[in-house]
K.L.:
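Before I ask anything, here is the structure I am working with.
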Amino acid sequence: MKGRTLARHGKEGLKNLGRNSWMSFASISAVTIMLFVVGVFLLLIVNMNSFISSVEEDVEVQVYIELGTSDQEQAELEQQLKNLDHVESVTYLSKDEGLDRLIDSLGQDSEAFESLRDENPLNDAFIVQASEPQQTEAVAEAASGLSYIDSIDYGEQVVEQLFNVTKILRIIGLVLVAGLMFTAMFLISNTIKLTIVARQQEIQIMKLVGATNSFIRWPFFVEGLLLGVFGAVIPIAAITGGYHYLYTNYADKLSIDFAEILPVYPLTLQISAVLIGIGVLVGIWGSITSVRKFLKV
Amino acid sequence: MKGRTLARHGKEGLKNLGRNSWMSFASISAVTIMLFVVGVFLLLIVNMNSFISSVEEDVEVQVYIELGTSDQEQAELEQQLKNLDHVESVTYLSKDEGLDRLIDSLGQDSEAFESLRDENPLNDAFIVQASEPQQTEAVAEAASGLSYIDSIDYGEQVVEQLFNVTKILRIIGLVLVAGLMFTAMFLISNTIKLTIVARQQEIQIMKLVGATNSFIRWPFFVEGLLLGVFGAVIPIAAITGGYHYLYTNYADKLSIDFAEILPVYPLTLQISAVLIGIGVLVGIWGSITSVRKFLKV
Amino acid sequence: MIELNNVSKTYANGVNALNNIDIFIEKGEFVYVVGPSGAGKSSFIKMIYREERPTEGSIQIHGTDLMTLKEKHVPFLRRKIGVVFQDFKLLPKLSVFENVAFALEVIEEPKDVIRRRVMEVLDIVKLKNKARFLPDELSGGEQQRVSIARAVVNNPRVVIADEPTGNLDPDTSWEIMEILENINRNGTTVLMATHNREIVNAIKKRVIAIEGGRVVRDEPKGDYGYER
Amino acid sequence: MIELNNVSKTYANGVNALNNIDIFIEKGEFVYVVGPSGAGKSSFIKMIYREERPTEGSIQIHGTDLMTLKEKHVPFLRRKIGVVFQDFKLLPKLSVFENVAFALEVIEEPKDVIRRRVMEVLDIVKLKNKARFLPDELSGGEQQRVSIARAVVNNPRVVIADEPTGNLDPDTSWEIMEILENINRNGTTVLMATHNREIVNAIKKRVIAIEGGRVVRDEPKGDYGYER
Ligand SMILES: Nc1ncnc2c1ncn2[C@@H]1O[C@H](COP(=O)(O)OP(=O)(O)OP(=O)(O)O)[C@@H](O)[C@H]1O
Ligand SMILES: Nc1ncnc2c1ncn2[C@@H]1O[C@H](COP(=O)(O)OP(=O)(O)OP(=O)(O)O)[C@@H](O)[C@H]1O
Ligand SMILES: [Mg+2]
Ligand SMILES: [Mg+2]
């Protein structure tokens, strides 16, 4: 193909958007609205995922030290804990600090327990954080084999249920995003196909006056690409702008304790890349596959 | 319009689906996939909403009774509590039961507190349930004006944060469902419009040989209606069937404590009604409005 | 009775297709409209069934003033006028039978009447055996004959034919002329744009010659030709 | 050189459009194809540029065997054949200029060559001043002339014209014939399906008459007519 022909195809593809302005508008708005929906969901799901992770990170193993363990033995235990697989960190928590933490967590009931301070029922403890929240149980199990240990607590039931919930949430999120992306691709290419079916006759005429398949296909390729690009502009702008606004104005309200919503960058950049990628790929793909049907003349 | 003409329009509308089979297929599959997405979201959001409500229902006000209150005074207080606005129920909780509950909730730490039983730091209490979870604070406030009360606890901070979270979740859910419905309507009518634009010339020919606008419109009305109905069949079947399957096989796994997923009926019936409603309305609407554009010949 | 008073037509792109046309056609007349390619014959014809509206002047058909005619009454005007379009304008998804029947369905004729009448007309244009074909499966001349059949099927008061023999061999053309003469004899006004010199010179009728958007000649029993 | 051996064509709907056609056309010949409406003229013509494929028999064009020609080589065959389609087949979204230019763009001519050559041809068919119009803004005859311009613009070795004067007045028809005779004089083979008795009888050339899908007459310098 000569250079001027390539330039011609590019120009023709662009012109065709204008020549079929109604159809182009319909296609671009379908791309726009679907990418917007996909973008919003990506934002939500990615944030949900990070929330879930924060919650999971909070899970820890409390290893209570046997009464009467010497300082040296205690250091030995600490080292052994640190040497366990999947252990991220080991922190010492004296029984007084432990009681403080406990009483704090009881809220208004706490006053009633102040009396406990005189006769602390707790032991000193090591707080062990697993490198992966899902490894917590394994770590607790491994730790239970060590000596100088009074008891081990990691909220077995609660943790198990938590992981159950987060697993379900993650699966739902993944299914939703995957389903929506599929839907978006299907609908975008469906719409593009409709605009091209309407031009079936034109494609056939081109073939009858001696155009090769590739000569016909190229402008459609360009057209599909432009549909994708133009269709991605508004969703990208809206999502980046909207998220930026939410983040700067409501970041604190949207955060719960430790779990914060993700910063604007690089998240919106990544999502923008995904959106324009979907737009362009599906645009080109929808366009090219639909043309192919009508090339057999 | 004569009866036979009405019959003719119905038959013509059905025939047109076949005559433009490719286009009909594209439209119906767009309706199908969008209604499916909307249906899945409705299921999720309605269930989320019921989960949230269950969590909120769990909020209660603990009214601790002053030491040394006589039985009669206690009965008086109970009556006064019952008479407060927005109070659903008032239950007596002795300090021993209270301690049981508390210790239970501490999980494995509990053993350390068994010692407390000898010297219970709690008071007897009334557990007050508000008729609306959101009224909890008001109830607590009103109760605090009464006599014979030692202290009042309803987990102020936790409850406030909980309601914040549930509010945000509800808003997100509502926005998502509304947004998706809008998207579905837009895309369905967009797709239908494209199929009709492609028939612009035919519509003009009909007008030129003496057809009135309503004569042309009727078959399109029928066609739009059928598109909606046919497009709603698969989503309704898939959602009802899928949810039924999930419910019978995984209801327990998908439930957390008190919060259970909603039963199959009437939920799926309601969602089916919504889906077929959207399909038919948008089908007819998209069809009729697009035809109108081309009737001016 | 068709009456054009001082009618001019300028298209949206600025082309001045007709200029100050004054024509009066009696009920039951047979009129040829001749003129070179692009003279304005089709534009003239399109204004009579109101596909196009004049930019100036006034048109009356059987007492109906097309300039003040309400949009919703236009279909009823068109039902009184059978049109053979220069480009046939067949509905591509309908069979030959359905295409012709359409003109009767719009006036809500009973099904059996439609069936009988359509087959009658298809017989006349020799397409009875192709009733179930789609337009795409017909030759050029066959499509033209379907268009003719549709124009006459509901016995309109006026038949307008734009180049009805352009795709027909001479023999078939004569047969079509016979059909048109026949319905004319029964009182139908016939207006026919044509390039067919042979026919115009043989079947003598009134000839209106248009050139450059103006009527350059208007003769009863005239010859083909459009020189002043 | 165009050679048809024992060619038959049956369409998908069962219509038997051509039967055992044997035709040999020398390079540089001028041939009329005549016959009544629905005889099979267009079917015959469509097989030469391979819009349709024969159900039986073989076709050779300038040494290329159409029966074994690969799909991807078809466009190159079509570029050597200029076709005036009975229904014009203009691209509705392209201007007159762009429609004609398209035939040169596919063979990747430089832009200035395209421009010059297109305006030259539009001048010949008297449509230079309508170069920027869309097909919809043209009269029937004007559209037909655009189709003719596109067929000849790339100096093809064969020109096939299906009813090229069906929508033209006699004067313009003669001018089109002059164009066709001119390119024929320069060595181009011309094959023309027509119903125009006047022209066939005046410009004497070889006449192939088809009726009911069979060649019923094949005469050098013949008259119009298709009776056996
Ligand atoms: N829709 C339109 N928009 C703009 N210009 C038009 C339109 N239709 C026709 N014209 C122009 O108006 C002029 C008259 O066209 P018209 O179709 O009336 O000619 P005609 O006499 O029917 O010619 P022919 O014999 O070739 O059919 C032509 O120059 C044409 O270019
Ligand atoms: N695509 C098609 N499918 C089915 N049948 C067809 C098709 N095209 C043409 N025919 C049939 O084949 C026969 C010959 O058609 P063809 O177009 O070759 O006739 P023609 O000689 O060109 O006639 P005309 O002078 O009217 O254009 C006709 O009877 C027609 O009904
Ligand atoms: Mg005309
Ligand atoms: Mg033909």
Side-chain angles (χ1 to χ4, degrees), chain A residues 1-27 192 194-223 226-227 287-288 290-297, chain D residues 45-46 48-53 70-95 98-115 134-136 146-154 156-160 162:
Chain A
M1 188 166 57
K2 291 177 187 166
R4 62 168 170 267
T5 309
L6 193 60
R8 181 250 174 218
H9 291 327
K11 219 164 34 179
E12 205 64 13
L14 185 60
K15 272 192 195 168
N16 278 339
L17 280 182
R19 284 182 187 131
N20 305 285
S21 51
W22 202 97
M23 298 259 178
S24 306
F25 176 76
S27 294
I192 292 178
L194 282 177
T195 70
I196 289 177
V197 173
R199 291 195 264 162
Q200 169 175 10
Q201 220 182 347
E202 295 171 45
I203 294 171
Q204 288 170 350
I205 294 176
M206 291 182 193
K207 279 229 70 178
L208 287 181
V209 297
T212 56
N213 289 352
S214 82
F215 190 89
I216 294 172
R217 234 189 260 123
W218 272 100
F220 279 99
F221 177 93
V222 173
E223 217 182 312
L226 291 176
L227 285 180
S287 184
I288 289 301
S290 327
V291 171
R292 192 167 44 201
K293 275 204 208 74
F294 306 118
L295 288 177
K296 292 200 184 104
V297 183
Chain D
I45 275 180
K46 281 176 185 169
I48 292 172
Y49 59 90
R50 244 216 51 173
E51 182 175 345
E52 296 290 350
R53 304 189 68 167
K70 287 215 187 88
E71 204 57 58
K72 65 176 177 187
H73 292 134
V74 171
F76 302 94
L77 166 79
R78 290 183 181 149
R79 290 173 192 180
K80 288 189 223 148
I81 305 175
V83 183
V84 184
F85 300 93
Q86 189 168 12
D87 54 357
F88 317 151
K89 290 208 194 299
L90 302 179
L91 293 161
K93 306 260 172 56
L94 301 190
S95 70
E98 290 167 330
N99 261 288
V100 179
F102 193 84
L104 294 174
E105 281 175 359
V106 298
I107 53 174
E108 307 196 30
E109 289 283 353
K111 223 168 160 177
D112 52 333
V113 173
I114 294 181
R115 176 147 200 89
L134 290 176
D136 265 358
V146 177
S147 188
I148 293 167
R150 182 180 58 189
V152 302
V153 71
N154 66 343
R157 292 211 248 157
V158 179
V159 167
I160 297 183
D162 198 348

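Note: hydrogens, waters and symmetry copies are ignored here, and every other heavy atom, side chains too, is used. Protein chains get the first letters and strands the later ones, always in sequence-line order, with residue 1 at the start of each.
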K.L.:
Atom NZ in D:Lys111, atom OG1 in A:Thr5: separation rounded to 0.5 Å?
P.N.:
11.5 Å
K.L.:
Chain D heavy atoms under 4.5 Å from A:Arg19: which part of the residue, side chain, backbone, both or neither?
P.N.:
both
K.L.:
D:Val106 vs A:Lys207, test: side chain to side chain contact (heavy atoms under 4.5 Å, CB included). Steps then yes/no.
P.N.:
CA-CA 10 Å; D:Val106 298; A:Lys207 279 229 70 178; over 6 Å; no
K.L.:
Is A:Thr212 close to D:Lys72 at the side-chain level, that is, under 4.5 Å between some pair of heavy atoms?
P.N.:
no
K.L.:
Taking all heavy atoms of D:Pro92 and all of A:Glu202, pick out the closest pair and write down the distance.
P.N.:
CD-CG, 3.8 Å
K.L.:
Mind ranking D:Arg50, D:Glu98, D:Lys80 by heavy-atom pairs under 4.5 Å with chain A and telling me who comes out on top?
P.N.:
D:Glu98
K.L.:
Quick check on the interface: out of D:Arg79, D:Glu52, D:Lys93, D:Arg150, who has the most heavy-atom pairs with chain A under 4.5 Å?
P.N.:
D:Lys93
K.L.:
Would you name the heavy atoms of D:Lys89 and A:Ile205 that are closest together and state the gap between them?
P.N.:
O-CG2, 3.2 Å
K.L.:
Do A:Val209 and D:Glu105 come within less than 4.5 Å of each other through their side chains, counting heavy atoms only?
P.N.:
no
K.L.:
So how far is it from D:Leu94 CG to A:Glu12 CD, rounded to the nearest 0.5 Å?
P.N.:
6.5 Å
K.L.:
First locate atom CD1 of D:Ile114, then atom CZ of A:Arg4, and finally report the distance between them rounded to the nearest 0.5 Å.
P.N.:
7.5 Å
K.L.:
Heavy-atom pairs under 4.5 Å with chain A: which of D:Leu91, D:Val83, D:Asn154, D:Leu77 has the most?
P.N.:
D:Leu91
K.L.:
Among D:Glu71, D:Arg78, D:Glu51, which has the most heavy-atom pairs under 4.5 Å with chain A?
P.N.:
D:Arg78
